[in-house]
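Numbered from 1 within each chain, the chains take letters A, B, ... in sequence-line order.
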2 protein chains.
Amino acid sequence: MAHPPFAVTVDLVVLTVRSDELCVLLVRRGVEPFAGQDALPGGFVRPDEDLAAAAVRELAEETGLTVGHLEQLASYGAPDRDPRQRVVTVAHLALVPDQPAPTAGTDAEAARWAPVAGLSGLAFDHDRLLADGVERARAKLEYSALGTAFCPPSFTVAQLRRVYEVVWGRDLDPRNFHRKVTGTPGLLEPTGETTTRDGGRPAQLYRRGSADTLHPPLLRTDA
Amino acid sequence: MAHPPFAVTVDLVVLTVRSDELCVLLVRRGVEPFAGQDALPGGFVRPDEDLAAAAVRELAEETGLTVGHLEQLASYGAPDRDPRQRVVTVAHLALVPDQPAPTAGTDAEAARWAPVAGLSGLAFDHDRLLADGVERARAKLEYSALGTAFCPPSFTVAQLRRVYEVVWGRDLDPRNFHRKVTGTPGLLEPTGETTTRDGGRPAQLYRRGSADTLHPPLLRTDA
DNA sequence: GGCTGTTGTCGTCAGCTCGACGATAAGTCG
DNA sequence: CGACTTATCGTCGAGCTGACGACAACAGCC
């Protein structure tokens, strides 16, 4: 059996919410092909490594980020997606809280946050990976507690709402949102503390609860 | 760069509803490893072939089935999942209408339908692929028009409801279900014809409409 | 034909959730 | 202290859902 040799990589769509924008982690490629162009972080899977382990390792190597959530997204294997050889990549989606610009890693020249809006021209087929990742994140906010993955360990209802608004690109009613998330059992656990900010009434602080699904879902209407 | 050679395969979780049971297409392996054991159909991706194309080809080769829906499920690449060499498989989920037992293909000795309930002991990690595929199908019935993929081109509301009941393992109220699916615009298109069966009032025949999502979703409650 | 059993389809009604919005609480800033 | 900002609680009507009654339209049997 002459099974043609494939290379297998993992690529990462790392999303966060920074200053009211949905941002993705990009690295600038230092080697051909697509040298000097932006790309998603990623790399080859090692001989004795599971796919998920490879994703975690690449994320740590290239960014050193604290990850809030990591899941497999999809695989992409068009024959001509890499001009060098046949490469199948297993894309992963990571959601992380807002963090300072990650440090440059070993493989890549520099890692930086870039707003997703209007972004294009990435290396390989990474435009598509990014689009699929963003769509997955948008969809999952509807029926899961994944919005909290964008938040720090302790956060307010307003912070969580801002996450939804930024990811969906749509304003939500603060009162209805508050009723929904505080009314769902197991979603949020109050810490008992409050915040003080520049103005306005202090808000209750919560941490993620044990619930991971939102039943019934929080639907984004077409409005 | 010595990238270790991987083999890449596609495996198929082909589901259908037969005689009030959710069934999966299995083949009996003729070669080692796991010779004589049941497995999901699948095979190696060819050098110039896209992943989706490979899935379609394998499905046609091994079964000759008419496919109602095909989508990528997930990828599995544990280092020891194949004792021969490092293999990453891209699992796909196919939903097909009830059809006679498929003909044996080239690679496999025989293909047959097996009820999913209580099924285990498949080759490789196919138990997990199957479980993930079934769960994906169950979840997708909630918010998509995918239930029609299990139905022939022309079908009744009761047939579609039976699909939901079998996949979810839970009875649904015929009147509420009827109201829901006929009330969702674009989901079903009436053909104008009716059926006659052994007993009972003849039913309207419908075909799939243009809608592919169900808004609002049809939730399976925990009851 | 009449009766029975089966299945499909239409209605009704209470309960829940949601969206829109008013009202109040509790801080900061000038 | 007043103005402003933000958080949180209530209220109300619309829409969807689940439970269920009622009727329609067939086959089969006596």
Side-chain angles (χ1 to χ4, degrees), chain A residues 20 141-143 147 151 154-166 168 170-207 211 213-223, chain B residues 20 141-143 147 151 154-166 168 170-207 211 213-223:
Chain A
D20 288 351
L141 285 200
E142 286 192 344
Y143 59 90
C151 298
S154 188
F155 56 92
T156 69
V157 174
Q159 282 177 51
L160 182 58
R161 175 170 50 85
R162 202 63 46 103
V163 163
Y164 273 80
E165 291 177 337
V166 168
W168 284 351
R170 179 173 172 277
D171 282 353
L172 299 174
D173 186 286
R175 298 155 292 197
N176 293 336
F177 185 84
H178 188 276
R179 175 180 58 188
K180 176 71 177 177
V181 296
T182 58
T184 301
L187 181 62
L188 300 179
E189 285 180 3
T191 66
E193 306 195 357
T194 57
T195 10
T196 14
R197 286 148 305 103
D198 48 355
R201 170 173 169 176
Q204 290 275 346
L205 280 172
Y206 297 88
R207 61 176 148 258
T213 57
L214 218 49
H215 240 54
L218 179 57
L219 298 174
R220 42 180 169 160
T221 56
D222 47 348
Chain B
D20 286 351
L141 286 200
E142 286 194 341
Y143 59 90
C151 298
S154 190
F155 56 94
T156 69
V157 174
Q159 283 177 51
L160 182 59
R161 175 169 50 84
R162 203 62 48 105
V163 164
Y164 273 80
E165 291 177 337
V166 167
W168 284 352
R170 178 174 173 276
D171 282 354
L172 298 175
D173 186 285
R175 298 156 291 197
N176 293 337
F177 185 85
H178 188 275
R179 175 181 59 187
K180 176 71 177 178
V181 297
T182 58
T184 302
L187 181 61
L188 300 179
E189 285 180 5
T191 66
E193 307 195 355
T194 56
T195 14
T196 13
R197 287 147 305 103
D198 47 354
R201 170 173 168 179
Q204 290 276 346
L205 279 172
Y206 297 88
R207 61 176 147 259
T213 56
L214 218 48
H215 241 51
L218 178 57
L219 298 175
R220 42 178 169 159
T221 57
D222 47 348

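DNA chain D is contacted by both Pro174(A) and Asn176(B); Pro174(A) maps to the nucleotide lying nearer its 5′ end (nearest heavy atom per residue).
In this structure Arg179(A) satisfies the salt bridge (charged side-chain N to carboxylate O under 4.0 Å, His left out) test with no other residue, sequence neighbours excluded.
For a distance-only test at 3.5 Å, the side chain of Arg179(A) qualifies as a donor-acceptor partner of the base of dG19(C). A donor N or O paired with an acceptor N or O is found under 3.5 Å between the base of dG22(C) and the side-chain atoms of Arg175(A).
Listed candidates were dC20(D), dA25(D), dA26(C). Nearest to the side chain of Asp173(B) is dC20(D). Checked against dT28(C), dA7(D), dT8(D), the side chain of Ala158(A) finds its nearest nucleotide in dA7(D). Listed candidates were dG27(C), dT17(C), dT17(D). Nearest to the side chain of Pro216(B) is dT17(D). The Ala203(B) side chain lies nearest to dG8(C) when the options are dG8(C), dT17(D), dT8(D).
Using a 4.0 Å cut-off between charged side-chain N and carboxylate O, Glu142(B) and Arg220(B) make a salt bridge.
For the pair Leu205(B) CG and dT7(C) P, the computed distance is 17 Å after rounding to whole Å. Distance OH (Tyr206(B)) to P (dG8(C)): 11 Å, rounded to an integer number of Å. If you measure from atom CZ of Arg201(B) to atom P of dG28(D), you get 18 Å, rounded to the nearest angstrom. For Asp171(B) and dT7(C), the CG to C1' distance is 15 Å, given to the nearest whole Å.
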